[in-house]
Amino acid sequence: MSGLARVATISVHTSPLEQPGTGDAGGMNVYIVEVAKRMAERGVEVDVFTRHTSRALPPVVELVPGVSVRHVAAGPFEDLDKSELPGHMCAFTSELLRIEAARDPGHYDIIHSHYWLSGQAGWAARQRWGVPLVHSMHTLAKVKNTSLATGDTPEPLGRVLGEQQVVDCADRLVANTAEEARELASLYDADPGQVATVAPGADLSRFTPQDGARRRLGLPENAVVLLFVGRIQPLKAPDVLIRAAARMLEDDPGLRDRLVVAVVGGPSGSGRSRPEELRSLAARLCVLDVVRFEPPCPQDELADWYRAADVTVIPSHSESFGLVAVESQACGTPVVAASVGGLRIAVRDGRSGVLIDGHDPADYARVLHGLIGTPGRLRAMSDAAVRHAGGFGWDATADRLLEVYAEAVEARTMAVSA
Ligand code: UDP
């Protein structure tokens, strides 16, 4: 038990109530929900502050006992692009401070902000409330800008500077991987002692191997199923899977009767302005008949997609961790992924999946064809995948975060009393 009673979690640009896998909702939303639930189970109350984006939502929504989502009025209810949010940060921050002051001043023991915009609000709250600020970047603009996909616009200087300000003011920074911790130190001059590496996880009770998924999803038992899951945008490179499938069919036309490429997710980021792009690409490459586009779905249903797949493919240009990789492996489905960022930790190369350097569809086609052609290897990888994923559970993430919070509170108490 950490001795902490209440956490203020800040997630300005995306709400834990949103369906992940489309728009701005993804791994960060899942992270916040799963960690908050486990903290509540451990007796720590969590309030998640997010921007109020719909008139239909009440000011406070209880997610589970001990976890509430508190809507902060800042900017219009209607669609507001993430890029416009910096203009509403003053409103968000003022309202956050007003809510706390009106309700119960001194309510929170710690602030945990997610993504740099939330860090900006956390910065002011830290000063006003006199409690430590723990911050998770989730992605770093400087890293993202070195690995842009074709057609993606670089992250603006305002974000780079905003991230730097958060690094400079936060009591603790939480990195998903040791690599991210090193990037925070080398690119943002973070003090290594300020950075804690805490691995994210997967819901290991929901993501499990189970028979019958193909029947439930209406997929033939003898199909070869390749799966992409996530927000559809150039950074995630779902086009690499479509191109690789086209190549596989060129080399092995007999596969056409059995191949299913399932793409689960909705448009996001720069993909929002071109929602039909992937479908057009599949049509141009004459593989539309094997591609099945599925809208984003809740995780219980998603688990069946992982179970139904022979391989999950994650060709991302940049990935701070890659929850999809762990979830897939927990369901017993090996992962073929780009060797970038957290995927190098989330996938055990050669054992629970295969990591590929670069994004050449020919490389993906070769590896995928090799795997589906050797069922024995795929089975061994499936077993190893379940074992590997077993090392990443949200319980461990929540426990480690509570330790980080307790360290931050202790350090602050000592600094104040010195
Ligand atoms: N997800 C989901 N339903 C979908 C697609 C994705 O719930 O239809 C979830 C998925 O389970 C995972 C998250 O969205 O937990 C994506 O996280 P990841 O770290 O892979 O990518 P990010 O969105 O953070 O870039």
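We number each residue from 1, following the sequence as shown. In each ligand, atom 1 is the first atom listed, and ligand 1 is the first ligand listed. The figures that follow rest on heavy atoms only: side chains count, while hydrogens, waters and symmetry mates do not. This is a predicted model, so every value here is computed, not measured.
- Numbered from 1 in the order shown, with element, the atoms of ligand 1 that lie under 4.0 Å from a heavy atom of Gln19 read 2 (C), 3 (N), 7 (O).
- Atom numbering of ligand 1 starts at 1 in the shown order; those under 4.0 Å from a heavy atom of Gly21 are 5 (C), 6 (C).
- Those atoms of ligand 1 with a heavy atom of Gly322 less than 4.0 angstrom away are 19 (O), 20 (O).
- Environment of CZ in Arg412: crowded, with over 12 heavy atoms of neighbouring residues, nucleotides or ligands closer than 6.0 Å.
- Applying the 4.0 Å criterion to heavy atoms of Val264 picks out, from ligand 1, the atoms 8 (O).
- A donor-acceptor pair under 3.5 Å is formed between the side chain of Glu180 and the backbone N or O of Asn176.
- Below 3.5 Å of separation, one finds an N or O of Leu323 facing an N or O of ligand 1.
- Judged purely by distance below 3.5 Å, without hydrogens or angles, the side chains of Arg159 and Gln164 never pair a donor atom with an acceptor atom.
- Only the side chain of Leu302 comes within 4.0 Å of ligand 1, judged by heavy-atom distances.
- Distances between N or O atoms of Pro298 and those of ligand 1 include no value under 3.5 Å.
- In this model, a donor atom of one side chain and an acceptor atom of the other lie less than 3.5 Å apart for Tyr405 and His112.
- For the pair Lys236 and Phe228, the cation does not sit on the ring face, since its NZ or CZ is not both under 6.0 Å from the ring centre and inside 45° of the axis.
- Under a 4.0 Å criterion applied to the non-hydrogen atoms of Cys297, ligand 1 contributes the atoms 2 (C), 3 (N), 4 (C), 7 (O), 8 (O).
- Among the atoms of Pro20, some N or O lies under 3.5 angstrom from an N or O of ligand 1.
- For Val30, no nitrogen or oxygen atom sits less than 3.5 Å from a nitrogen or oxygen atom of ligand 1, counting backbone and side chain alike.
- Of all the heavy atoms of Glu319, the ones lying under 4.0 Å from any atom of ligand 1 belong exclusively to the side chain.
- Between the side chains of Glu62 and Ser68, no donor-acceptor pair is found at a separation under 3.5 Å.
- Between the side chains of Trp129 and Glu100, at least one donor-acceptor pair of N or O atoms lies under 3.5 Å.
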